[in-house]
Amino acid sequence: MGPYRLPNNIMLAPMAGVTDRPFRQMCSRLGAGLVVSEMLSSNPQVWKSAKSQQRMNHDGESGIRSVQIAGADPDLMAEAAQFNVKNGAQIVDINMGCPAKKVNKKLAGSALLQYPKLVEEIIQAVVNAVDVPVTLKIRTGWDPDNKNGVDIAEIAQRNGIQSLAVHGRTRACMYKGQAEYDTIKAIKQAVDIPVVANGDIDSAAKAKAVLDYTGADAVMVGRGAQGNPWIFREIHHYLQTGTFLAAPAMEEVKQVMLEHIQNVHQFYGCHLGPRIARKHVSWYLAEQDSDRSFCRHFNGLEQAEAQIDALQQYFEEIAA
């Protein structure tokens, strides 16, 4: 990817409200070859907000820093790219895949796929604005009747995009049904730049099957990593050896959870931290806490210390 050689071909997808610094650090430590930050608006008026400042925080992060930007104005996107490179971004990723209404109504995210000329103008502006690799994330098209992923991929390659990630759904599909990989396969056959397959990658076996079917150069894991940061090392092990890695021992699950939640508390502070921690604990314990009794108790705790104590006690009871 430009001058960078990734340690492996398994990436963490950017997810708003999920891939903050604590989560990226955890996934990187457990085997992700590249982690991508939450998308940042190209509107400079919001860059000084508390949310944007946290999204821009890369203090202490190891590995290559990839930052995703979103917007519809080529000049503002170029300015946002330059701003983030000055802030430490080593790769700039353009978001043309987000299906959220609040993003699409501003003509950003996957809404851009309806306007190939504007897509080209944005890519040209960003690529010409910075000296770091620029990557792109898209969906297969706007809706099932307008799958123009191949056309967009050719525009991307023609204008200097270094790597293309494709989610195997259209914008209209949101996250419903099953991702399809025929379009990703067609895109891979149409361009020479690296293609990253995304959508429903939730196991090592699924990752290999998608790579084999599409011919893609890498996979990108999104929702499959929520509560399961071990998925990266599991995929890597399977791709390298053809054998499945054993699930993490309960003691490791405990240590990883505690470290992650403590980092969340530290990153967001004593008021917001415990609130952010709730969704992560719910994801981590989706199988063990099937009746949600512990999560209901945990979600009622307002103090960071009380949450850590509750987790310690939960794992002690399991061990007993």
Side-chain angles (χ1 to χ4, degrees), residues 1-3 13-14 16 36-47 52 55-56 65-87 89-143 145-167 169-172 183-184 186-188 190-196 198 220:
M1 195 175 289
V36 186
S37 72
E38 302 170 85
M39 66 179 179
L40 296 164
S41 171
S42 61
N43 180 2
Q45 295 179 355
V46 304
W47 291 348
S52 292
R55 289 187 174 186
M56 295 174 187
R65 295 180 182 178
S66 177
V67 174
Q68 188 181 75
I69 58 175
D73 182 283
D75 292 335
L76 289 180
M77 288 289 279
E79 184 180 346
Q82 292 173 333
F83 176 84
N84 282 286
V85 168
K86 289 179 181 177
N87 193 48
Q90 295 167 292
I91 294 173
V92 172
D93 185 62
I94 301 174
N95 182 322
M96 294 189 186
C98 179
K101 287 183 179 180
K102 66 179 181 180
V103 175
N104 285 187
K105 72 179 182 181
K106 298 177 181 178
L107 205 63
S110 55
L112 288 165
L113 300 177
Q114 302 170 96
Y115 308 99
K117 186 176 184 298
L118 181 56
V119 166
E120 187 160 32
E121 291 173 356
I122 290 172
I123 292 172
Q124 288 175 344
V126 174
V127 169
N128 291 332
V130 294
D131 294 327
V132 303
V134 178
T135 61
L136 176 66
K137 190 169 191 291
I138 66 171
R139 286 190 165 223
T140 56
W142 176 250
D143 60 40
D145 295 324
N146 295 279
K147 289 186 179 180
N148 61 342
V150 171
D151 294 335
I152 298 297
E154 290 174 341
I155 290 171
Q157 175 171 269
R158 189 166 65 242
N159 289 279
I161 290 297
Q162 299 289 304
S163 176
L164 176 68
V166 187
H167 183 111
R169 290 181 174 87
T170 67
R171 188 275 169 186
T183 304
I184 301 177
I187 288 172
K188 176 58 188 172
V191 297
D192 297 320
I193 58 175
V195 173
V196 183
N198 175 228
M220 180 171 274

Point to revise | Given Val119, Thr135, Leu136, the one that forms side chain to side chain contact (heavy atoms under 4.5 Å, CB included) with Ile94 | key: Leu136
Exercise for review: Compare all side-chain heavy atoms of Pro133 with those of Pro3 and state whether any distance is below 4.5 angstrom.
Suggested key: yes
Review point. Under the salt bridge (charged side-chain N to carboxylate O under 4.0 Å, His left out) test, which residues partner Glu121, sequence neighbours left out?
Key: Lys117
Review point. Which atom names give the shortest non-hydrogen contact between Pro99 and Ser110, and what distance separates them?
Key: CA-OG, 3.5 Å
Review point. Can you find a heavy atom in the side chain of Asn159 that is under 4.5 Å from one in the side chain of Gln124?
Key: yes
Point to revise | Pairing residues for Ala16 by the side-chain contact (heavy atoms from CB on, under 4.5 Å) criterion, not counting sequence neighbours | key: Arg55
Check your understanding: Are Phe83 and Val67 side-chain neighbours, meaning at least one heavy-atom pair lies under 4.5 Å?
Key -> no
Check your understanding: Does any non-hydrogen side-chain atom of Gln82 lie less than 4.5 Å from one of Val130?
Key -> yes
Study note, to complete from the structure: In this structure, CG of Asn104 is separated from CZ of Arg171 (nearest 0.5 Å) by 4.5 Å
Point to revise | For the student: nearest non-hydrogen atoms of Arg139 and Thr170, plus distance | key: NH1-O, 2.8 Å
Practice item. Just jot down the side-chain hydrogen bond (donor to acceptor under 3.5 Å, both in side chains) partners of Ser163, sequence neighbours excluded, or say none. Key: none
Exercise for review: Please list, chain by chain and in numerical order, all residues satisfying side-chain contact (heavy atoms from CB on, under 4.5 Å) with Asp75, sequence neighbours excluded.
Suggested key: Asp73
**Study point:** CD-CG distance between Glu120 and Leu112, expressed to the nearest 0.5 angstrom
**Key:** 13.5 Å
Exercise for review: Could I get the full list of side-chain contact (heavy atoms from CB on, under 4.5 Å) partners for Ala108, not counting sequence neighbours?
Suggested key: Val103
Review point. Going through the distances and angles, do Ile91 and Val132 end up as a side chain to side chain contact (heavy atoms under 4.5 Å, CB included)?
Key: CA-CA 6 Å; Ile91 294 173; Val132 303; 5.8 Å; no
Practice item. List in chain and number order the residues that pass side-chain hydrogen bond (donor to acceptor under 3.5 Å, both in side chains) with Asp143, two or more places apart in sequence or in another chain; answer none if no residue qualifies. Key: Asn146
**Study point:** Any residue meeting salt bridge (charged side-chain N to carboxylate O under 4.0 Å, His left out) with Arg169, in chain and number order, not counting sequence neighbours
**Key:** Asp200
**Study point:** Heavy-atom closest pair, residues Ala72 and Leu118
**Key:** O-CD1, 3.7 Å
Review point. With sequence neighbours excluded, what pairs up with Ser42 under the side-chain contact (heavy atoms from CB on, under 4.5 Å) test?
Key: Leu76, Met77, Ala80
Under 3.5 Å, which donor-acceptor pairs do the side chains of residues 149-157 form with other protein atoms, sequence neighbours left out?
from	atom 1	to	atom 2	distance (Å)
Gln157	OE1	Asp192	N	2.5
Gln157	OE1	Ile193	N	3.2

Practice item. Keeping the roles fixed (side chain from Gln114, backbone from Ala111), state whether a donor-acceptor pair exists under 3.5 Å. Key: yes
Revision key, fill the gap. Thr183 meets the side-chain hydrogen bond (donor to acceptor under 3.5 Å, both in side chains) criterion, sequence neighbours left out, with Glu180
**Study point:** Gap between atom CD1 of Ile187 and atom CG of Leu164 - 0.5 Å precision
**Key:** 6.0 Å
Practice item. Might you point out which heavy atoms bring Ala78 and Ala125 nearest each other, and give the distance in Å? Key: CB-O, 3.6 Å
**Study point:** Side-chain heavy atoms of Val134 within contact of Ile161, under 4.5 Å
**Key:** yes
Point to revise | Sequence-distant partners of Asn148, side-chain hydrogen bond (donor to acceptor under 3.5 Å, both in side chains), two or more places apart | key: none
**Study point:** Pairing residues for Lys188 by the salt bridge (charged side-chain N to carboxylate O under 4.0 Å, His left out) criterion, not counting sequence neighbours
**Key:** Asp217
Check your understanding: How many angstroms lie between atom CD of Gln68 and atom CD of Glu38, to the nearest 0.5 angstrom?
Key -> 10.0 Å
Check your understanding: Are the side chain of Asn198 and the backbone N or O of Met220 linked by a donor-acceptor pair below 3.5 Å?
Key -> yes
Check your understanding: Side chain of Arg65, backbone of Gln90: donor and acceptor closer than 3.5 Å?
Key -> no
